Q: 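Structure incoming, see below.
Residue numbers start from 1 in every chain, and the chains themselves are labelled A, B, ... in the order their sequence lines are given, proteins ahead of strands. For the numbers below, each heavy atom of this structure counts, side chains included, while hydrogens, waters and symmetry mates do not. Everything quoted here is computed from the prediction, not taken from an experiment.
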Amino acid sequence: MFPSLNEQMDLIKRGVSEIIPEDSLVEKLEKSIKLNKPLIVKLGCDPSRPDLHLGHSVVLRKLRHFQDLGHEAVLIIGDFTGMIGDPSGRSKTRPALTLEETRKNGQTYFEQATKILSTRRIKMLYNSEWLSKMTFAEVIVLASKYTVARMLERDDFEKRYREGEPISIHEFLYPLAQAMDSVAIKADVELGGTDQKFNLLVGRDIQREFGQEPQVAITMPILTGIDGVEKMSKSLDNYIGISDPPNEIYGKTLSIPDELIYDYFLLTTDVSDKQLSKLKEEINTKPRDAKRLLARTLVKMYWSEDAALQAESEFDRLFVRKELPEIIDEYILKTSEKEMNIINLLYETKLVSSKSEARRLIEQGGVSIDGNRISDINENIPLESNFVLKVGKRKFLKITIQKDN
RNA sequence: GGGUAGGUAGCGAAGUGGUCAAACGCAACAGACUGUAAAUCUGUCGGCUUCGGCCUUCGGAGGUUCGAUUCCUCCCCUGCCCA
């Protein structure tokens, strides 16, 4: 049994950017209730970057909502396009992958996605299954259904074209390939970020060409990264990974600008609408507390309540009280020497990638031993007893001496 | 196929024979400050160094020159215009 239409629409509409077209979604839901048949809700996944972050979670969570309402989630792993890669050579974000790699990444993707998605009512498919079987003639027929002018309607194509940036022909084929995925699974709904709007709409057109009822396109807002400027992405290194350790999730969350707190609550957590309006108030009056709550909430979602509390006390210890972390990695230094030059020590323990970097860090006051800053690059460190080496704000290493004579 | 403009450090972008490891901006890193790993400010930002310097880099391969990121030849890649 499915929840009522209104109940479904309330949950579906939470946080969304656009539903195109909304009345068509209503019709599909009504039909689904009447026939007691779940909708097929599609989400395309890029297997070239299998590390999921909160940005991905926005759409995945929406897919989860559909699952919770009784509908069927279909994850399409874009292994086919992943194997082709991007021959233009400029885009390092789409390296050509082997079949094995895409399978492995697909598996990793699935493991991470199911931290958010339910493992019931879910299907994962590789699009090479149908795309690799298409003949060149079929591809040409498919390509004939769309025009260059319409392709150039897409924002990023238009922009690149206008600015003299190269666009390879195969990039025009991607939206069509993605549309074929919708045809293959007879999608009722396709989810994506607002940047996917164009592709989702192409899906509608192509489904229609194949005599299917067009899918409803639902777009979610793009989550801004922790820098508060760009969209969250791995390559910009402004992301919070859903597999990040608790301390990372906590610390990164606290570093977001205050203006983002509300959006993060809305798009990446389950707090109720009632709580949301209360939070809006708190964000203005006590942003610090609201943000700490957000950070705990996120750690709790991906780890546990305990982990959240621990991450918070660890954070306070390290950055508020500037004490040592509870757990420090250990490095066993086997040596017969009595002392060691600080630069060599940093280099040997791999806390720095070059000796020049070590020199720089020391000169800038970023290196300390047991809380005492090292300011001389020629300083020799006595190797009599164990000590804690600190580099920068966040790198700690416990050095344990082991005499090997 | 013809014409034309380009390819410089992680990215963007200056430099057009020596004073170039290469301006500037972004990112990154360190320090100060802070509720914060934010913002802001200061500094650093190829490698090695006995701190004097030394070594490897400016699409690729050759060449001219005492000396080339800068000049020449060929090749590869990209944009635009014409066909």
Side-chain angles (χ1 to χ4, degrees), chain A residues 53-54 86-93 152 157-171 224-241 244-264 282-296 298-299 311-323 325 341-344 346-348 350-368 371-380 389-396:
Chain A
H53 52 63
L54 287 187
D86 190 342
S88 70
R90 282 173 310 97
S91 170
K92 292 156 204 138
T93 56
L152 286 174
F157 282 153
E158 200 270 336
K159 186 161 171 277
R160 282 161 69 188
Y161 190 66
R162 184 161 31 85
E163 290 174 0
E165 293 286 324
I167 302 170
S168 303
I169 297 291
H170 80 288
E171 295 186 67
T224 306
I226 60 176
D227 58 1
V229 184
E230 306 277 356
K231 75 168 188 174
M232 184 174 284
S233 90
K234 191 171 183 212
S235 50
L236 292 171
D237 198 24
N238 63 356
Y239 69 100
I240 299 173
D244 277 351
N247 291 347
E248 289 285 308
I249 294 183
Y250 190 90
K252 284 181 180 176
T253 304
L254 279 200
S255 79
I256 66 171
D258 292 353
E259 307 83 70
L260 290 183
I261 300 173
Y262 182 80
D263 279 353
Y264 273 51
E282 186 171 351
I283 290 165
N284 286 323
T285 53
K286 290 182 280 182
R288 184 187 107 109
D289 292 346
K291 203 190 279 184
R292 284 167 73 98
L293 174 63
L294 173 66
R296 272 185 317 229
L298 288 170
V299 176
E312 184 158 277
S313 64
E314 179 83 348
F315 187 89
D316 288 346
R317 191 198 330 262
L318 243 62
F319 300 108
V320 180
R321 298 198 300 273
K322 314 235 185 273
E323 294 166 7
N341 175 270
I342 182 66
I343 290 173
N344 292 331
L346 290 170
Y347 189 68
E348 177 149 344
K350 301 217 167 57
L351 284 166
V352 297
S353 58
S354 74
K355 293 189 178 180
S356 298
E357 192 189 343
R359 274 184 205 97
R360 240 177 266 136
L361 283 164
I362 294 164
E363 277 162 10
Q364 294 180 129
V367 177
S368 66
N372 302 312
R373 182 174 286 180
I374 305 294
S375 48
D376 180 5
I377 58 168
N378 293 316
E379 184 148 339
N380 287 315
L389 190 53
K390 183 183 181 193
V391 175
K393 280 200 244 300
R394 301 175 54 206
K395 278 197 253 176
F396 295 87

Q: So, does A/K252 use its side chain to make a donor-acceptor pair with the main chain of A/I226 at under 3.5 Å?
A: no
Q: What distance, rounded to whole Å, do you find between the two P atoms, one in B/U16 and one in B/G6?
A: 13 Å
Q: With sequence neighbours excluded, tell me which residues meet ring pair (Phe, Tyr, Trp, His ring centres under 6.0 Å) with A/Y161.
A: none
Q: What's the base orientation of B/G52: syn (chi within 90° of 0) or anti?
A: syn
Q: Treat primed atoms plus P, OP1 and OP2 as sugar-phosphate and everything else as base, then score nucleotides 38-50 of chain B 5' to 3': B for base contact with protein heavy atoms under 4.0 Å, S for sugar-phosphate contact only, - for none.
A: S----BSS-SBB-
Q: Base, sugar-phosphate, or nothing: which does A/D258 touch, judged by heavy atoms less than 4.0 Å apart?
A: base
Q: So what does A/E363 hit on the nucleic acid, given a heavy-atom distance under 4.0 Å: a base, only sugar-phosphate, or nothing?
A: nothing
Q: Which whole number of Å gives the distance between the P atom of B/G15 and that of B/A23?
A: 13 Å
Q: Taking the nucleotide of RNA chain B with the closest heavy atom to each, which residue, A/L236 or A/G251, is nearer the 5' end?
A: A/L236
Q: May I have the distance from A/K395 (atom NZ) to B/G31 (atom C1'), rounded to whole angstrom?
A: 16 Å
Q: Could you give the distance separating B/C58 and B/A13 at their C1' atoms, to the nearest angstrom?
A: 13 Å
Q: What's the CD1-P distance between A/I169 and B/G79, to the nearest Å?
A: 11 Å
Q: Over how many whole Å does the gap from A/I362 atom CD1 to B/G31 atom P extend?
A: 13 Å
Q: OP1 or OP2 of B/A32 sitting under 4.0 Å from any side-chain N/O of A/R373?
A: yes
Q: For A/L361 and A/L351, run side chain to side chain contact (heavy atoms under 4.5 Å, CB included): C-alpha distance rounded to whole Å, both residues' side-chain angles, the deciding distance at 0.1 Å, then the answer.
A: CA-CA 11 Å; A/L361 283 164; A/L351 284 166; over 6 Å; no
Q: So, using salt bridge (charged side-chain N to carboxylate O under 4.0 Å, His left out) as the criterion, who are the partners of A/R288 when residues are at least two apart?
A: none
Q: Can a donor-acceptor pair be found, under 3.5 Å and without considering hydrogens, that links the side chain of A/K291 to the backbone of A/I256?
A: yes
Q: Of A/F315 and A/Y161, whose closest RNA chain B nucleotide lies nearer the 5' terminus?
A: A/F315
Q: Provide the distance between the two P atoms, one in B/A9 and one in B/U69, to the nearest whole Å.
A: 14 Å
Q: Do any N or O atoms from the side chain of A/E171 and from the backbone of A/S168 form a donor-acceptor pair under 3.5 angstrom?
A: yes
Q: Between B/U40 and B/U57, how far apart are the C1' atoms? Round to whole Å, please.
A: 35 Å
Q: Could you state the atom-to-atom distance from CD of A/E314 to P of B/A37 in whole Å?
A: 14 Å
Q: Taking the minimum atom-to-atom distance to the side chain of A/V320, which one of B/A37, B/U36, B/G79 wins?
A: B/U36
Q: With hydrogens left out and only the distance checked, is there a donor-acceptor pair under 3.5 Å joining A/K322's side chain and the base of B/U34?
A: yes
Q: Rounded to the nearest Å, what distance is computed from the CG atom of residue A/D316 to the P atom of nucleotide B/A37?
A: 11 Å
Q: Do A/I377 and A/I343 pass the side chain to side chain contact (heavy atoms under 4.5 Å, CB included) test, and can you show the C-alpha distance, the side-chain angles, and the key distance before you say yes or no?
A: CA-CA 7 Å; A/I377 58 168; A/I343 290 173; 3.9 Å; yes
Q: Take the protein atom NZ of A/K390 and the nucleotide atom P of B/C29, then report the distance between them rounded to whole Å.
A: 15 Å
Q: Test of understanding: with side-chain contact (heavy atoms from CB on, under 4.5 Å), list the residues that count as partners of A/L236, not counting sequence neighbours.
A: A/E230, A/S233, A/N238
Q: To the nearest Å, how far apart are A/L260 CG and B/G35 P?
A: 20 Å
Q: For RNA chain B, write out the stems as range with range, using runs of 3 or more consecutive Watson-Crick or G-U pairs with both distances under 3.5 Å.
A: B:1-7 with B:76-82, B:10-12 with B:24-26, B:28-32 with B:40-44, B:46-48 with B:53-55, B:59-63 with B:71-75
Q: CG of A/L293 to OG1 of A/T253: how many Å apart, nearest 0.5 Å?
A: 11.0 Å
Q: Is it true that A/R360 and A/E363 make a salt bridge, defined as a side-chain N closer than 4.0 Å to a carboxylate O?
A: no
Q: Quick one: side-chain contact (heavy atoms from CB on, under 4.5 Å) partners of A/F315, sequence neighbours excluded?
A: A/Y250, A/L254, A/F319
Q: Taking atom P of B/A32 as reference, at what distance in whole Å does atom CZ of A/F319 sit?
A: 13 Å
Q: Looking only at atom C1', what distance separates B/U65 and B/C80, rounded to whole Å?
A: 36 Å
